[in-house]
Every structure is written in structure tokens, then in C-alpha cells.
Chemist: 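Structure incoming, see below.
Each chain gets a letter, A, B and so on, in the order its sequence line appears, and its residues count up from 1.
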Protein chains: 2
Amino acid sequence: MTNEANTRQKILSAAGPIFAKRGYQKATVRDISVAAGVNLASINYYFGDKSKLYLELLRQARDHQGGGLDFPPVDGSIDAEELLERFVTVLLRKLGLGEEPNWQMKLLVNEFLAPSEAGRQIVEEYFAPYFESLLTIIDRIAGRTLSRAERLRRGFSVIGQCLHYRLASPIISMLAWQEESEGAFDVEPLARHIAAFSVAGIRGSLESATNVRQ
Amino acid sequence: MTNEANTRQKILSAAGPIFAKRGYQKATVRDISVAAGVNLASINYYFGDKSKLYLELLRQARDHQGGGLDFPPVDGSIDAEELLERFVTVLLRKLGLGEEPNWQMKLLVNEFLAPSEAGRQIVEEYFAPYFESLLTIIDRIAGRTLSRAERLRRGFSVIGQCLHYRLASPIISMLAWQEESEGAFDVEPLARHIAAFSVAGIRGSLESATNVRQ
DNA sequence: AACTATATTAAACGCTCGTTTAATTGCAAG
DNA sequence: CTTGCAATTAAACGAGCGTTTAATATAGTT
């Protein structure tokens, strides 16, 4: 009993970073067992199989994804534009701009981009509330009632800009090779740009939005 | 001689869609040989190994990526905002919104997101000119001279919005489940939204851009 | 001390993969 | 007809993978 929780926990601790770094397919149970300092067969003994271990880690990541980088509450006391910039800042940080993201966030982002059948629901449970709070910020910036489709498109425009810096980072560093761009893609200036761009975009696309058939 | 080009071509034709659909890792040489109607060993006979076949296909994709969806020339005779909307429309189509993209584009996008050592240069050669032409459109919309960093950030904001619909499509269909959103994410209305959002974003972020330290 | 349920271990199983081998075919040149 | 070379084939190789097994060790109970 004293050891059950022990090796089980050792497996979980070792597997998280490995799954996050290599992805589900390329992460091998042998690597995990070695990193955990436990026998190979222990993984199947405690978790049944590789996929169940992965699912357990995904649930852990959803439930307490460490880091303390939680989005500020969306209340009425703060300027909406300021709120958006904070939202973008936190999201960029969570996505790993500036520093390495923790394995929990990596796992969730991986599932976000290529959901497995089992992981789909978990990711939805994690991201949906954040996305909805972004939509309320957008409502306040727009200043008028938007249709569901209008809100979604503006929300995706914000999220898309942020995700791009995490997804296309190899290409970005290829194109942004100049020394003059020094620091231009650090979190703070980047968040300022995305927030300013988006505030103008949200407001500016309002008049034309009424003409868009949907 | 009559047969050399024959089986070689059969392999190339069969391998393209398979690599595009499954990705490099999950695509197996056995699947390819069966689909091509060719002996398993022929692949190594003609191409050396799996990675060299893949590289050959990547080069093919870069050189003549079919579909006739080329971006319109960026000349001065057309309104810059109109140009941007066309650019976005073509990009969304290339990315496979609305219909299945051809395997050439899929290969290039896959490499774009997770470049292999060998493929990195090929992807850069393909995307760089398109990206630069987007930057000139942005210049005209901005109406004043931008620094390299300012141009890049605005370019990435446009590209990021477009890519998001290809990358996060599973999540998007999860969040946009409503019937009222019917048609709101088809190519044309989506392109109109992204173009309008971006034009406003490009112009609106100009005044604050001067205050951003970089 | 003997028993029992649990935990750990080394080894092997069965499968898939990319690749290689060695034999055979097809065909044009001498 | 025979020689020689390119092309094709069936088969196997060897490595890596997730998983299973069967034996052993450990600790709690009576």
C-alpha cells in the first residue's frame, strides 16, 4: 500500500512531460518506465494500457493545470480593452510564448489541435468557459448585441492570432530573422499588438457585419 | 525503360495522397505499395528510402501545386481592401475550407506546422513570396511606412486568423454547434469577415503602434 | 509460522514497421 | 541462342512497439 501510490505517482510524474514533449504516438511506455524508475510492466498493471494512462494525465491537466496564470474575472469594473489585453497576455503565456509551458498545457493544446476520441470532451470542458469569457469581453468592446455567428467569428479572430504564434513558431522565426525585430515578439509587445489590432477589428467590422449574409 | 518511369510514377501518384492524409509517420510504405499496385521493394529500389520519396513529393508540391488558385497579382489598379479579401479567400480555399484541399497543399501545410529538417527550406521557398505579397497589401492599407516588425505582426495577424480555421476545425465545429450559425463559416462570408476585421485592425492599431517599444 | 493478496520483476509474445536479400523475369545487344 | 543488365518479386530480416505471462518478492492477517 505504501508502495502502490508511490510507483503509480512516479509513473504519472514521469509520463506527463514525456507525452507533452513527444506527443502520444512517439512517447513510448519504455521511455516512461525508465524515466519513472519503475518496471515496464507496472504501467499496464496500474493503468491497464498506454491510452488509459494518457487519459488520466489529460484529466489531471484539465483539473489543475498549474502555473497560476488564470484569466482575470470579467467584471464590469475594468475597461474592456484592458481586459482583452490581459486575456491575450495570459493566453500567450499559457501557450508558452516567452518561456516553456508546463506539460499540462502542452497536453491540452495537443488535444486541442488533434483531438482523440477520448480527449475531445476533456478539452472542450477546459476551453469552453475561457472562450465564453472572451466572448463577453468582445460583446463589451463591440458595444452592441451581436449574433452568435458574429461573436464566434470575432472570438476566433482573437484566438487565431494568439495560437498562430505557438503553432507557426518555426516559420515565424524563419521570416522574422531580422535583428531590427529584436523583442518585437516578446509577450508584452505582442499582446499589445494583438489587443489593439483586435479592438479595432471588432469595432471596425461592425458596420460591414450587418451586410454579411449568414 | 518503358516500365521504369511507369512504376516510379505509380508510386509517386499513390504516395502523395497517402502522405497528405496520414502524415509522414503514419503513412506506411506497405500502404503506398498496395495503393500503387507495385511491389513493396520497388519504393526502396527507385527512391532509396521512405524519406527520400517524401522529399521528392515535397519538391513536386512546391513546384506545381495544382488547383489554379493562385493569388492575384498585387498591382496598383485594384483597391487594397479588395485585394486583401481576395488574398484571404484564396488562402482559405487553399487551406481546404469548403472543399478538400489537394494533397500538394496538405503536404506543404503539414511541413509548415511541423517542419522536418529537410522540408523546412522547401516550405520557406513556397510561402515566403506569398507572405511578402501580403505585406505589400498591408502597406497599402496602412497608408504609411511601417517598420519590419510592424509589418510582420500585422501579416501574422491575418495569416493566423486564416490558419485557425484549418487547424482548430474540430474545436470550431464543437463550439459553433448552433443552427443559427448556418453558413456563417463558409468561405465567402468568412473571408469578408477576416478582411474587414483585418483592415480595421491594421488601421486601428497604427496610432498605438508608435507607443510600442520594440 | 503459514497463508494470502498484492506488488514487482525479467522475459517473452505478437505485431508492425522500414529495409534488405536473393532469386527470377524481361528484354535488348552481341 | 546466349549473355548481361535493369526491373520485379517473394521472403525474410531486424528493430521497435504495446502488451502479457509466469515467477518471485513483499507485507498484512490469522
Chemist: Between A:E188 and A:R192, is there a side-chain N and carboxylate O pair less than 4.0 Å apart?
Modeler: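 Result for this pair is no, no salt bridge flagged.
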Chemist: Please report the distance, rounded to the nearest Å, between OH in A:Y54 and P in D:dG18.
Modeler: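 These atoms are roughly 14 Å apart.
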Chemist: Ignoring backbone atoms, test whether A:Y45 places a side-chain nitrogen or oxygen under 4.0 Å from the OP1 or OP2 oxygen of D:dT20.
Modeler: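 No, outside the criterion.
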Chemist: Closest to the A:Y46 side chain: D:dT19, C:dT8, D:dA11?
Modeler: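 Nearest to the side chain of A:Y46 among the choices is C:dT8.
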Chemist: Of the listed nucleotides (C:dG18, C:dT9, D:dT9), which one gets closest to any side-chain atom of B:A41?
Modeler: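 Within the option list, the nearest is D:dT9.
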Chemist: Rounded off to whole Å, could you give me the CG-to-C1' distance for the B:D49 and C:dG18 pair?
Modeler: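 Rounding to the nearest Å, CG of B:D49 and C1' of C:dG18 are 9 Å apart.
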Chemist: Within the pair B:N39 and D:dA10, is there a side-chain N or O less than 4.0 Å away from OP1 or OP2?
Modeler: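 Result: yes.
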Chemist: To the nearest Å, how far apart are A:R22 CZ and D:dG16 P?
Modeler: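 After rounding, the reported distance stands at 13 Å.
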Chemist: Would you kindly give the NZ-to-C1' distance between A:K50 and D:dG16, to the nearest whole Å?
Modeler: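 In whole Å, D:dG16 C1' and A:K50 NZ are 12 Å from each other.
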Chemist: Looking at the rings of A:F156 and B:F197, which for Trp means the six-membered one, are their centres under 6.0 Å apart?
Modeler: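 No, the ring of A:F156 stays outside the 6.0 Å limit from the ring of B:F197, centre to centre.
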Chemist: Pick the closest DNA chain D nucleotide for A:A27 and for B:V38 by heavy atoms, then say which residue is nearer the 5' end.
Modeler: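 On the 5' side of the pair lies B:V38.
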Chemist: Give the ring-plane orientation class for B:F19 versus B:Y24, where under 30° counts as parallel, over 60° as perpendicular and anything between as tilted.
Modeler: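 Parallel, since the angle between the ring planes stays under 30°.
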Chemist: Between C:dC17 atom C1' and B:F19 atom CZ, what is the distance in whole Å?
Modeler: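 My rounded result for the distance is 13 Å.
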Chemist: CG of B:N44 versus C1' of D:dT8: gap in Å, rounded?
Modeler: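 Between C1' of D:dT8 and CG of B:N44: 14 Å.
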Chemist: Would you kindly check whether a donor in the side chain of A:R30 faces an acceptor in the base of D:dG18, or vice versa, at under 3.5 angstrom?
Modeler: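 Answer yes: a donor N or O sits under 3.5 Å from an acceptor.
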Chemist: Does a salt bridge link A:R59 with A:E111, judged by any charged N lying under 4.0 Å from a carboxylate O?
Modeler: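 No salt bridge links A:R59 with A:E111.
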Chemist: Check whether any side-chain N or O of B:T7 sits under 4.0 Å from OP1 or OP2 of D:dA7, and answer yes or no.
Modeler: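 The answer is no; no side-chain N or O of B:T7 sits under 4.0 Å from OP1 or OP2.
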Chemist: Just how far, in rounded Å, is C1' of C:dT8 from CG of A:N6?
Modeler: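 Atom CG in A:N6 sits about 13 Å away from atom C1' in C:dT8.
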Chemist: Just the rounded figure in Å: distance from C1' of D:dC17 to CD of B:Q25.
Modeler: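 The answer, rounded to whole Å, is 13 Å.
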Chemist: Is A:R8 salt-bridged to A:E56, going by a charged N under 4.0 Å from an acidic O?
Modeler: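 Yes, charged N to carboxylate O under 4.0 Å.
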Chemist: Taking any heavy-atom pair under 4.0 Å as a contact, classify B:I43: base, sugar-phosphate, or nothing.
Modeler: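 If one applies the 4.0 Å heavy-atom cut-off, B:I43 turns out to touch nothing in the nucleic acid.
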